[in-house]
Student: 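Before we start, here is the structure in question, set down as structure tokens.
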Amino acid sequence: MAEHVPGFSTLAIHAGAQPDPTTGARATPIYQTTSFVFDDVDHAASLFGLQAFGNIYTRIGNPTCAVLEERIAALEGGTAGLAVASGHAAQVIVMHALMQPGDEFVASRKLYGGSINQFNHAFKNFGWNVVWADPEDIATFERAVTPKTKAIFIESIANPGGVITDIEAVSAIAKKAGVPLIVDNTLATPYLCKPIEYGADIVVHSLTKFLGGHGNSIGGMIVDAGTFNWSRENRYPMLSQPRPEYNGIVLHETFGNFAFAIACRVLGLRDIGPALSPFNAFLILTGVETLPLRMQRHCDNANAVSAWLANHPKVAWVSYPGLPNDRYHSLAKKYCPKGAGAVFTFGLKGGYEAGVKLVSNVKLFSHLANIGDTRSLIIHPASTTHRQLSDAQKTQAGAGPDVVRLSIGIEDKADIIADLEQGLAAA
Ligand SMILES: *Cc1c(COP(=O)(O)O)cnc(C)c1O
């Protein structure tokens, strides 16, 4: 008989967890400790030499974080996960494993504003050069590839514009170029979209958003799909060359289809250091248990609110792929059939001033720079998150002066709409 495969909701609650072997505690304990006692000298030596798996020091790994890693990897359909301190830390650790100074990566220009900053500024200091491509014209990804290209980076549902990237098409370009495709799946979560099924080799997350889901903890995750051949052309020396600090082992040879996650842990996290606190891992794990219920409600509410806004006289346009006439609707149906997420933008006929008035007059909505909370959130990107970008960059990133971004919460939808109605009356 074929082995029974648990469904998504079951994995969201159980994957990676078991009753604590010492106390029987059913919820995953918070292992709030910096370090772990060795059995003896030989045990310590085998842990440090990567000959045995086990806990050494919480910067490199922690049992509470390990449950979260296994759970997200299971939900994404990957071979292994690595929890880190934030979504941005995940991006640094991934690129650290792939890039040498002077290398390039191709990235979609429709990204979270913080990622655009990180790629344009901090990454340049490491000598990692971003080349931008346009998800509305997939051929620009192929044209951007050079012999120095080491990766392609996209978001499944892009923040903030409600852009759905054609993951399969970009994956085909990555395969042809012989580089891994990295997909930031923060806005979709694996409940709505599983990028690995469409050819992603690495998935990254800001756990801060829908996965944690309650607006209480910053965290990040890297998921290794186990699909990429790191040794083929020796382009990824961290994975394909002997490591002097680990007795000359070659990570890809030794760890096979989870070598990338190991490289991120034992070289990236060990040396760069953005470890997730076990307490945050616990809060995020608790959030993940209800992910399917929350995401469905987020999407149902976003569908209702976007349809209502589309008919409002003060609203010029609504960009939500869940709307039947949206230009991304067919991609949304393919990649996110259960719903197009809960973050979207709309344009006010009154422009910049109307945007400022709206965010100043809402009461149920919180005016802040976050998404993926149980609470409904609002921001006017041109005056906040995207303020540092030039006007041209703002518009390219989907954050022009008239644009308002919403992250629809799981409150009663009538209350969400009533708040927008009174806010728009004031605008
Ligand atoms: C928030 C966010 C990030 C960065 O995550 P942090 O946890 O804030 O560091 C990256 N990508 C996307 C799509 C995000 O929304």
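Everything numeric in this text was worked out from a predicted model, so none of it was measured. Position 1 is the first residue of the sequence; numbering continues from there. Start at 1 and go down the list; that is how both ligands and their atoms are numbered.
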Student: Can you run down the side-chain hydrogen bond (donor to acceptor under 3.5 Å, both in side chains) pairs that involve residues 405-419, sequence neighbours left out, and say none if there aren't any?
Tutor: Asn159-Arg405, Ser376-Glu411, Asp419-Gln422
Student: Identify the two heavy atoms, one from Gly215 and one from Asn370, that lie closest to each other, and give their separation to 0.1 Å.
Tutor: CA-ND2, 4.3 Å
Student: Filter the ligand 1-protein atom pairs down to N or O on both sides and distance under 3.5 Å, then list them.
Tutor:
| residue | atom | partner | partner atom | Å |
| --- | --- | --- | --- | --- |
| ligand 1 | 5 (O) | Ser206 | OG | 3.0 |
| ligand 1 | 7 (O) | Gly87 | N | 2.9 |
| ligand 1 | 7 (O) | Ser206 | OG | 2.8 |
| ligand 1 | 7 (O) | Thr208 | OG1 | 2.7 |
| ligand 1 | 9 (O) | Gly87 | N | 3.1 |
| ligand 1 | 9 (O) | His88 | N | 2.9 |
| ligand 1 | 11 (N) | Asp184 | OD2 | 2.6 |
| ligand 1 | 15 (O) | Asn159 | ND2 | 3.1 |
| ligand 1 | 15 (O) | Lys209 | NZ | 2.7 |

Student: Looking at Asp300 and Arg297, is any side-chain nitrogen of the basic one under 4.0 Å from a carboxylate oxygen of the acidic one?
Tutor: no
Student: Could you tell me if the side chain of Phe365 sits less than 4.5 Å from the side chain of Ile416, heavy atoms only?
Tutor: yes
Student: According to side-chain hydrogen bond (donor to acceptor under 3.5 Å, both in side chains), does anything in residues 190-212 pair up with another residue at least two apart or in another chain? List the pairs.
Tutor: Glu76-His205, Tyr191-Gln296, Asp201-Thr227, Ser206-Thr208
Student: Donor-acceptor pairs under 3.5 angstrom involving side-chain atoms of residues 25-33: please list them, not counting sequence neighbours.
Tutor:
| residue | atom | partner | partner atom | Å |
| --- | --- | --- | --- | --- |
| Tyr31 | OH | Asp20 | OD1 | 2.4 |
| Thr33 | OG1 | Ser35 | N | 3.4 |
| Thr33 | OG1 | Ser35 | O | 3.0 |

